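A quick note: this is a predicted structure, and the numbers were derived from the prediction, not measured. To find a chain, count down the sequence lines: A is the first, B the second, and so on, and within it residues start at 1. Side chains are part of it too, since the values below use all heavy atoms of this structure and drop only hydrogens, waters and symmetry mates.
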Amino acid sequence: MANSSYDPAQIEPRIQAQWDAEKAFEVIEDPDRDKFYCLSMLPYPSGALHMGHVRNYTIGDVISRYHRMCGKNVLQPMGWDAFGLPAENAAIKNRTAPAHWTYRNIEHMREQLKRLGFAYDWTREFATCTPDYYRWEQLMFTRLMKKGLAYRKDSEVNWDPVDQTVLANEQVVDGRGWRSGAVVERRSIPQWFLKITNYAEELLAGLDELDGWPDAVKTMQRNWIGRSEGCEFEMTVCDADGNPDPQGRAVRVFTTRPDTSFGMTYAVLAPEHELVPLITTADQKAAVDAFVEQVAQSSEEDRLSAEGGLDKRGVFTGAYLLNPFTEKPVPLYLADYVLMGYGTGAIMAVPGQDQRDWDFAQAYDLPIIRTVQPPEGWAGEAWVEDGPAINSEWLDGLEVDEAKEKATQWLVERGIGERKVNYRLRDWGVSRQRYWGCPIPVIYCDRCGAVPVPEDDLPVVLPEDVEFMGVQSPIKADPEWRRTTCPECGAPAERETDTFDTFMESSWYYARYCCPGAEAQVDERADYWTPIDQYIGGIEHAILHLMYFRFYHKLMRDEGLVHSDEPATRLLCQGMVVADTYYREDADGSLHWYNPADVDVERDDKGKPVGATLRADGEPVLIGGVEKMSKSKNNGVDPQRMVDRYGADTVRLFSVSDSPANQSLEWSESGVEGASRFLRRVWTQVMDHVAGGPCEALEPGALNDAQQDTRRKLHDTIAKVTDDIARRYTFNTAIAAIMELTNHLARFDGADAQSRAVLQEAWSAVVRLLAPIAPHIAEELWRALGGDGPVYRAAWPEVDESARERSRVTLVVQINGKLRAKLELPPGATRDEALEQALAVENVQRHVGDKTVRKVIHVPDRLLNIVVG
RNA sequence: GCCGGAGUGGCGGAACUGGUAGACGCGCCGGACUCAAAAUCCGGUUCUGGCGACAGAGUGUGGGUUCGAGUCCCACCUCCGGCACCA
């Protein structure tokens, strides 16, 4: 094999077959070794891999292979998030069953992953749409029902009145059903929820312990949970004169600013509030009914588009509430800016201290009383910052924090209210009115109500061999599937036909990988592997998936299934893959997008792009800038084509070489060629070295300067690459350092025996440093260098600190902070020695001239700054 | 509006703890090899002036701290991401 040229198409499948034969990446629990669980978020089997997958899985594979070489017992599994709406859409389009489409895609994508050489333990693979998997989440759900952590309540859905079906949000296009084109209605139907809010405090507090998670993700989750402290108190309904409601009704409000209560000039109920029909006065009934109807009609989108809330709408109920602080009545309104889903669905309004209340008060001509003194010259509207209380009787003069505390105590002591913590987080609605999902294991009996399917009757299997037309779920359309008997009373009953949100499957898959075949959701093997040591996935999952995943881990912990509090200790969110876009504009203004692979770019003589033409017709196209790879901008690059053309190692190398893992990666064909060129150079250089025959043993004490320099460079590089991969996730700088070293080795002229020994040490290290990133070529070169066993099992190179010691260091000489000279000195030079040497340099003398040296800053072995003036 | 993150050559990016700004790669320019081209190899490449040694300027803008600032502080501008009437 001496000097054959680098041919990835020939090498890579052969190496992959070898790994398969050796069962190279199959692992079992081993209590005597440190484990490392490295997990990339599992893919949805959409049909083919895209570059985002390649980048995600390459990052995971680099980390996995690195830790394996460091001697860890590494688990890196892979599977399929196989339920979901796209399968239903594809089923309609291709006239096949969703299951068939899904399994076929899995077959294809598995082959693609294998062709990329990822070190997965394929014996642990599963698809979440199989009963062997989802039966366990059905079991967990029935247990949660019994614990009261799963409950049913009415909630709104999108209803297509023509197709008579519920639509997912993605199926609503401009307020109309995607198939029927009918205007979508809001309908309230009973749905299942999991009480994630019971865990709000723990989910929030746990973030403080997750040192290995990006701050961005933790911040987003904190905001999403949205904890706020305040108090809830009651106000009695009354008339304009303060005479109490004969029925003794009262309204509870939540506020974070009890200190401002003396400035309450009105109060507001959400339009959906249960008291609305009960307390509205006869003369206001017509107006209130009209308003409630108007709000109900306006879709979610309308309410969202009125964001920022300039147009706050409302109506007077005719009723009043008695402000306990002033014992005076304030008018009670309905308004669309008060949400039923947060707090109590009712607020006290203090326009002086709340901008929304200010806006509403202006629009409805309500009085404004300031209760916090704004600073001098304040010309704004509501004042929401700190300041002394005013117009507040016994609170006057107190700062906000003191006044809050005093007002709260006052409410508590009188039994009017209590301290209360509220969360923005809502319970997790898990019902989906779709077919292709895990059936919710519930039976409805007229007598017994909603009954969980008994554990022995699980799983409730979703039929896979179905006709799917897209109008209605086949299990909803099939009365036979629904029909059953009540497990409690034996009377005829019906099954739930809704299925779970697919986030349910992806909330616990990581634990199932640990224990294939377990006769429980997970078994004790999960305690060996979890928590995940390194989790990798896109930032788009920062909130939903990563919150449900943490929640579900705690649910499993509380069922005694796992014994840690958090599912993953380190999280890396990789950046997106982006690419140039090119387009033409038609006469009618519509844009046509052209794939970067079909476009030639023209540049000026500085290399700046000045135009682009479509290769097919030679006519110009416009440059549209860099965007996330997408179908709509036609700037996607097919990984398969890249692997076919350049090989898996090149694709892997490029996908981590051009930017840090957590930043976006700009795809460029010439960059890929650069990666390919680098691998070919390494190949040629190693093979040239190997062609020189066996090397004698290295004698570190007997090396000349050039040989020592090379060893220093080598061991500096090993240290840097190790730190970059293990700690910093900066594979780009790791690769740059390896390239620098190979450039150095190419110039290292060594035909004598010790030079060849240095080169042998160096190449053997370079090949191992590259092995996590480009494992196939590394395997081949490792063998050529006479390495022991396969490179994936070889030991990660160790740093020889003695090789890094320097006989000369570069001392930078500055005059008044400006670089004027560089000195090569032995390490450890004193300030005076350095100064003497520096002043001997002509350029330094020239800049010092006859000026006085006022100060000398000396950073040993690094820098000397001479301050003159 | 609120909360994050980021602005550095022609481009992607490097500079990790306040100490040589521009590593590495791409692109571009020049050269070698070749009948020629591709591939490969060698050299150059922040801007301005100079044959050069060198000098001046330079990390979004304006201030500040410091012997020294891409890095720290203050104010502002722009872009990206998240949340969006959460009382």
Across all strands shown, which nucleotide pairs with [N] by Watson-Crick or G-U wobble geometry, both distances under 3.5 Å?
{"N": "B:U48", "value": "B:A55"}
{"N": "B:G81", "value": "B:C3"}
{"N": "B:G12", "value": "B:C24"}

- 5'-most by nearest nucleotide on RNA chain B - A:M220 or A:P660: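 The answer here is A:P660.
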
- Message: Closest-nucleotide mapping onto RNA chain B: is A:M340 or A:N865 further toward the 5' terminus? I mean the 5' end.
- Response: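 Nearer the 5' end of the strand: A:N865.
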
Any base atoms under 4.0 Å from [X], or only sugar-phosphate, or nothing? Heavy atoms, all strands.
{"X": "A:I543", "value": "sugar-phosphate"}
{"X": "A:N743", "value": "sugar-phosphate"}
{"X": "A:V867", "value": "sugar-phosphate"}
{"X": "A:H858", "value": "nothing"}

- A:N422 and A:S228: side chain donor to acceptor below 3.5 Å: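 There is no such pair between these side chains.
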
- Task: Could you tell me whether the side chain of A:K855 has a donor or acceptor atom within less than 3.5 Å of a complementary atom in the base of B:C67?
- Result: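 Per atom types, no contact qualifies.
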
- Below 3.5 Å, does any donor atom in the side chain of A:R222 face an acceptor in the base of B:C3, or the other way round?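 In this structure, the two groups form no donor-acceptor pair.
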
- Item | Test item: A:Q221 side-chain N/O and A:A542 main-chain N/O as donor-acceptor pair under 3.5 Å |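 It does hold such a pair.
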
- Query: So, the side chain of A:N635 versus the backbone of A:V578: is there a donor-acceptor pair under 3.5 Å, distance only?
  - Reply: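 Looks like no, no N/O pair under 3.5 Å.
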
- Message: Give me the distance, rounded to whole Å, that separates B:U8 from B:G60 when you measure between the C1' atoms they each carry.
- Response: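 Straight-line distance between the two C1' atoms is 10 Å.
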
Of the nucleotides [options], which has the atom closest to the [X] side chain?
{"X": "A:N843", "options": "B:A55, B:G25, B:A14", "result": "B:A55"}
{"X": "A:R424", "options": "B:C85, B:A84, B:U20", "result": "B:A84"}
{"X": "A:I347", "options": "B:C26, B:A87, B:A84", "result": "B:A87"}

- Would you confirm whether the ring centroid of A:Y266 sits within less than 6.0 angstrom of the ring centroid of A:Y364?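 No.
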
- For B:G9, is chi within 90° of 0 (syn) or not (anti)?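 Because its glycosidic torsion lies within 90° of 0, B:G9 adopts the syn conformation.
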
